[in-house]
Amino acid sequence: MSDWSFAHPPVIVAGPCLAEGPDLLGRVGDALARIKKRLDVPVCLKASFDKANRNRARAPRGPGLEAGLRMLERVRKDSGLPVLTDVHEPGQAAVVAQVVDVLQVPAFLCRQTDLLAACGGTGKPVNLKKGQWMAADDMRGAVEKVRLGGAGPEVAVTERGTFFGYGDLVVDVRNFSRLRAATGVPVLFDATHAVQRPGRGVDGGSSGDRGEIPALLAAAAGAGVDGFYLETHPDPARAQSDPDIQWPLDELEPLLNRTLRIWHAAREAGA
């Protein structure tokens, strides 16, 4: 398996929301491999085999565990990139860990003790998405649960905003340092889900404000996060999930280049 560590910032986690098919994953994997080489930065490809917490019963969920893992295994081999994917149930963790490099716990499940312990028990790095309703300090317990499950696997926490009113999220840049202080682990910023407007789209689906992503990335880079998390798609308007917030694949490298310049400038200034 490819080595992956959150401990060498800045890291990039990027890919489509759903593993829609091998051709899509291959295209994204090839693009991310080129970005990794040109920008000289660690890159991990992400894609979900199942979106088990969709707002609508008939919303596309993805290919499922077996077919999804076959796709992820193929893109991992072809691109040479490490791969991250979500797990939703404790019983999935060991199976998924045989294929991918990083397990991710979705935001809505970040307090599920059995799931967190199962992910920790695999020994693989784990990315915890911060719940939209949770204060930074509350994520300390989630990290502890992962580590109780095994021999102290590497853990990161990803900030993706906090509910404000109904159907909107707000990013408090103070949370990056608060999360790091509370948990003692690297902190990533999910810029795409931070602009999501859950339940505000057509027929109760999600909408979002993609145009706000560059500014939020710049703020996070200036605040000194340890990595950046972006969902990206060759044709966001046709994406099966989150079409309003996925960043266009052909515009990803310029956005990351700009963001990393800000990150390095902030680091040199002592941020």
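For this chain, numbers begin at 1 and follow the sequence in order. Please read all numbers here as calculations on a predicted model, not as lab measurements.
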With side chains defined as the heavy atoms from C-beta onward, is the minimum distance between [X] and [Y] less than 4.5 Å?
| X | Y | answer |
| --- | --- | --- |
| Pro42 | Trp4 | yes |
| Asp101 | Cys44 | no |
| Asp78 | Leu25 | no |
| Pro236 | Pro243 | no |
| Arg210 | Pro248 | yes |
| Arg160 | Gln196 | yes |
| Asn257 | Arg261 | yes |
| Leu169 | Val195 | no |

So, the side chain of [X] versus the backbone of [Y]: is there a donor-acceptor pair under 3.5 Å, distance only?
| X | Y | value |
| --- | --- | --- |
| Trp263 | Val225 | yes |
| Ser48 | Asp50 | no |
| Arg140 | Ala182 | yes |
| Gln112 | Asp114 | no |
| Arg111 | Met139 | no |
| Gln246 | Ser241 | yes |
| Lys129 | Cys110 | no |

Angle class for the Phe163/Phe108 ring planes (parallel below 30°, perpendicular above 60°, tilted otherwise)? tilted
Do you know which two heavy atoms are closest between [X] and [Y], and how far apart they sit?
| X | Y | value |
| --- | --- | --- |
| Arg258 | Pro214 | NH1-O, 3.3 Å |
| Val173 | Ala219 | CG1-CB, 4.1 Å |
| Val105 | Val126 | CG2-CG1, 4.3 Å |
| Val43 | Lys36 | CG2-CB, 3.7 Å |
| Ala47 | Leu72 | CB-CD2, 4.0 Å |
| Gly120 | Pro153 | O-CG, 3.5 Å |

Under 4.0 Å between a Lys/Arg side-chain N and an Asp/Glu carboxylate O for Glu73 and Lys77? no
Would you call Asp30 and Arg34 a salt bridge, taking side-chain N to carboxylate O under 4.0 Å as the test? no
Would you say [Y] ends up clustered with [X] if hydrophobic residues are merged whenever their side chains have heavy atoms under 4.5 Å apart, either directly or through other cluster members?
| X | Y | answer |
| --- | --- | --- |
| Val95 | Val87 | yes |
| Ile262 | Phe228 | no |
| Leu179 | Trp133 | yes |

Check whether the side chains of [X] and [Y] place a donor and an acceptor atom closer than 3.5 Å, and report yes or no.
| X | Y | answer |
| --- | --- | --- |
| Gln104 | Tyr229 | yes |
| Glu20 | His233 | yes |
| Asp190 | Thr158 | no |

Say you draw a straight line from [atom1] of [X] to [atom2] of [Y]; how long is it, rounded to the nearest 0.5 Å?
| X | Y | atom1 | atom2 | value |
| --- | --- | --- | --- | --- |
| Glu144 | Thr113 | CD | OG1 | 11.0 Å |
| Leu128 | Lys145 | CG | NZ | 10.5 Å |
| Leu84 | Leu45 | CG | CG | 9.0 Å |
| Thr232 | Lys46 | OG1 | NZ | 10.5 Å |
| Ile213 | Glu231 | CD1 | CD | 9.5 Å |
| Arg197 | Ile245 | CZ | CD1 | 12.5 Å |

The single option from Asp86, Thr122, Thr85 passing side chain to side chain contact (heavy atoms under 4.5 Å, CB included) against Val96: Thr85
Side chain to side chain contact (heavy atoms under 4.5 Å, CB included) between Val155 and Arg147, worked out: CA-CA 8 Å; Val155 184; Arg147 291 201 166 130; 4.2 Å; yes
Go through it in stages, so that I can follow the logic: the residues are Asp226 and Arg180, the test is salt bridge (Lys or Arg N to Asp or Glu O under 4.0 Å), and I'd like the CA-CA distance, side-chain angles, deciding distance and then a yes or no. CA-CA 10 Å; Asp226 299 297; Arg180 192 181 293 114; 3.1 Å; yes
Side chain to side chain contact (heavy atoms under 4.5 Å, CB included) for His88 and Leu115? Distances and angles first, verdict last. CA-CA 7 Å; His88 296 87; Leu115 176 61; 5.7 Å; no
Run the side chain to side chain contact (heavy atoms under 4.5 Å, CB included) test on Arg76 and Val100 for me, step by step, so that the C-alpha distance in whole Å, both residues' side-chain angles and the decisive distance to 0.1 Å come before the verdict. CA-CA 8 Å; Arg76 184 181 178 279; Val100 308; over 6 Å; no
Applying side chain to side chain contact (heavy atoms under 4.5 Å, CB included) to Leu39 and Leu256, what does each step give before you reach the verdict? CA-CA 9 Å; Leu39 299 186; Leu256 288 176; 3.9 Å; yes
